[in-house]
There are 2 protein chains.
Amino acid sequence: MQSFTEENYLKIIYHLSVNNDQAVQTNAIAEKMQTKAASVTDMIKKLADKKLVLYKKYQGVHLTETGKQAAINIVRKHRLWEVFLVEKLNFKWDEVHDIAEELEHINSAELVERLDEFLSFPKNDPHGDPIPDKHGKFDAVPFTRLSKLKTGEKGLIMGVSEHSSAFLKHLEKLGLTLGKTLTLTTITDFDGSVEIIVEDKKISVTREVAKHILIRI
Amino acid sequence: MQSFTEENYLKIIYHLSVNNDQAVQTNAIAEKMQTKAASVTDMIKKLADKKLVLYKKYQGVHLTETGKQAAINIVRKHRLWEVFLVEKLNFKWDEVHDIAEELEHINSAELVERLDEFLSFPKNDPHGDPIPDKHGKFDAVPFTRLSKLKTGEKGLIMGVSEHSSAFLKHLEKLGLTLGKTLTLTTITDFDGSVEIIVEDKKISVTREVAKHILIRI
DNA sequence: TTATTTTTTTAGATTTGTCTAAATATATAG
DNA sequence: CTATATATTTAGACAAATCTAAAAAAATAA
Ligand SMILES: [Mn+2]
Ligand SMILES: [Mn+2]
Ligand SMILES: [Mn+2]
Ligand SMILES: [Mn+2]
């Protein structure tokens with residue numbers, strides 16, 4: 001069994017290596033963990049001793065299969081708890097992340113399976129992210145970003161790639177929530193912002209925001 | 001904010017001092033915490049620095065009002081999560097304690113209040129123990145023990161004072177669950193075991209077991 | 001009331017996860 | 001290919017929570 005800290009390292013290494021099969025760098029981990037590179041090196045050695053990561057000095061780390069499964073299990077718990085908080089306890093999608101950061105470390109396989117069942121085996125969390133099943137399997141639905149759409153194209157909002165409360169609240173206010181359909185009408189030349197229509201309303205979205213809205217055409 | 005460890009100490013000191021206004025002894029804490037007296041002394045000093053307990057060398061500890069409220073809040077969370085596990089996730093009453101030991105440390109006041117509401121503000125946990133409200137208030141319903149009943153007396157099972165899985169499973173098997181009504185028919189002289197009738201069935205219960213069954217006459 | 005037992009505290013180590021500062025390796029730029 | 005910049009590791013220290021062994025206080029018994 002891993003400590004909370006070890007679990008957080010595994011999860012971060014996982015997120016940094018998914019969609020990218022290169023080695024994860026010490027500094028990248030340090031930034032996400034909000035700690036120092038020296039501390040990361042210490043922890044990496046420990047995780048390597050436990051065969052959870054492969055490590056070569058100065059060459060960054062890769063998760064082993066065991067490490068990857070451990071990480072995915074934490075992600076599974078995180079996302080299931082987020083669904084619970086939104087669906088059952090009526091939290092908003094911008095309020096659940098920090099609580100799930102704690103709940104994801106609760107250690108009971110039985111609890112996770114029963115929670116999954118209680119929630120009717122959800123496929124996605126409140127931010128559109130896929131929930132791995134009990135074997136760690138999930139399908140990565142392909143997506144594009146609002147910032148990549150061309151004029152006139154229609155799309156369905158299926159997720160976000162930025163999870164800060166400020167960003168989510170902003171989308172909420174604009175009515176840009178999961179499942180909404182939108183049409184891109186204009187791309188502004190000078191700043192790349194986009195005009196879209198959602199539910200018959202015209203909205204302007206900065207390029208920075210558009211980059212983080214995941215779309216299925 | 002307290003660490004998990006500090007919270008566990010507070011909770012144990014609380015349980016050892018409720019129904020008993022004497023100072024809680026170092027060794028008593030050590031036994032419950034499954035640790036050594038020396039470690040307890042260290043922690044007591046830390047809790048005293050934080051004004052969560054009153055401590056005089058060699059004289060044991062008392063919770064301060066702040067410490068008591070902190071402890072009660074942990075107990076509240078523990079019992080609410082136990083209700084959740086039994087009522088919503090269909091765990092048995094003997095399966096929930098260890099998971100609740102972890103969940104009780106999740107740190108979000110909003111979560112607790114919403115969970116309480118989701119559960120329809122339960123007054124008691126699956127073992128009959130009272131759940132403090134958000135202000136830490138609860139009424140200690142008076143009770144007696146099956147071992148104190150006299151021949152012919154009737155009673156309602158309202159709780160248990162032993163929470164081990166083995167004990168709870170045993171009661172379950174005998175059909176001695178919360179809310180059941182029983183009548184004491186015989187007290188055996190030589191070993192103090194009691195014969196009772198529950199739902200028209202005659203059952204024999206050892207004195208040791210009878211001591212831990214809480215009854216309202 | 002003196003001796004013995006029990007309880008509690010202190011002293012000094014250990015483990016985990018962190019830090020700063022300095023050393024070393026790797027990458028990048030001329 | 002060498003100089004500089006960046007990334008990473010090492011060395012040594014620290015705080016939290018624990019431990020063992022020994023000392024000290026309090027309780028109990030003779
Ligand atoms: Mn999240
Ligand atoms: Mn999420
Ligand atoms: Mn319990
Ligand atoms: Mn309980």
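In what follows, chains carry the letters A, B, and so on, assigned in the order in which the sequence lines appear, proteins first and then strands, with residues in each chain numbered from 1. What you are looking at is a predicted structure, and each value in this text was computed from that prediction instead of being measured.
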### Task
Sequence neighbours left out, what passes side chain to side chain donor-acceptor pair (under 3.5 Å) with B/Glu153? Give chain and number order.
none
### Message
Enumerate the side-chain hydrogen bond (donor to acceptor under 3.5 Å, both in side chains) contacts for residues 138-148 of chain B, please, sequence neighbours excluded, ordered by first and then second residue.
### Response
B/Arg145-B/Ser161
### Message
Side chain of B/Tyr55 only, heavy atoms from C-beta on: which candidate in C/dT9, C/dT18, D/dT10 is closest?
### Response
C/dT9
## Note on the structure
Rounded to whole Å, the CD-P distance (A/Glu31 to D/dT6) equals 16 Å
### Message
Which residues pass the ring-ring contact (aromatic ring centres under 6.0 Å, His included) test with B/Tyr9, not counting sequence neighbours?
### Response
none
### Message
So, using side chain to side chain donor-acceptor pair (under 3.5 Å) as the criterion, who are the partners of A/Ser164 when residues are at least two apart?
### Response
A/Glu162
#### Entry: From D/dC19, C/dT18, C/dT10, nucleotide with atom closest to B/Lys36 side chain
D/dC19
### Residue list, salt bridge (Lys or Arg N to Asp or Glu O under 4.0 Å) with B/Arg114, at least two apart or on another chain
B/Glu110
#### Entry: DNA chain D contacts made by residues 97-107 of chain A, counting heavy atoms under 4.0 Å
none
### Task
Please list, chain by chain and in numerical order, all residues satisfying salt bridge (Lys or Arg N to Asp or Glu O under 4.0 Å) with B/Lys68, sequence neighbours excluded.
none
### Value in whole Å for how far the C1' atom of C/dT15 lies from CG of A/Asp42
13 Å
### Summary
A/Asn73 meets the side chain to side chain donor-acceptor pair (under 3.5 Å) criterion, sequence neighbours left out, with none
### Query
Contact class for A/Thr41 (heavy atom, under 4.0 Å): base, sugar-phosphate, or nothing?
base
Listing time: all N or O pairs from protein to nucleotides 21-29 of chain D that are below 3.5 Å?
| from | atom 1 | to | atom 2 | distance (Å) |
| --- | --- | --- | --- | --- |
| D/dA25 | O4' | B/Tyr58 | OH | 3.4 |

### Task
Only counting residues at least two apart or in another chain, list the ones meeting side chain to side chain contact (heavy atoms under 4.5 Å, CB included) with B/Gln2.
B/Glu6, B/Glu7, B/Leu10, B/Leu52, B/Ala70
### Summary
The correct set of residues in residues 6-28 of chain B placing a heavy atom under 4.0 Å from DNA chain D is B/Tyr9
### Pairs touching residues 116-126 of chain A that satisfy side-chain hydrogen bond (donor to acceptor under 3.5 Å, both in side chains), sequence neighbours left out
A/Arg76-A/Asp116
### Task
Rounded off to whole Å, could you give me the CE-to-P distance for the A/Met43 and C/dT15 pair?
16 Å
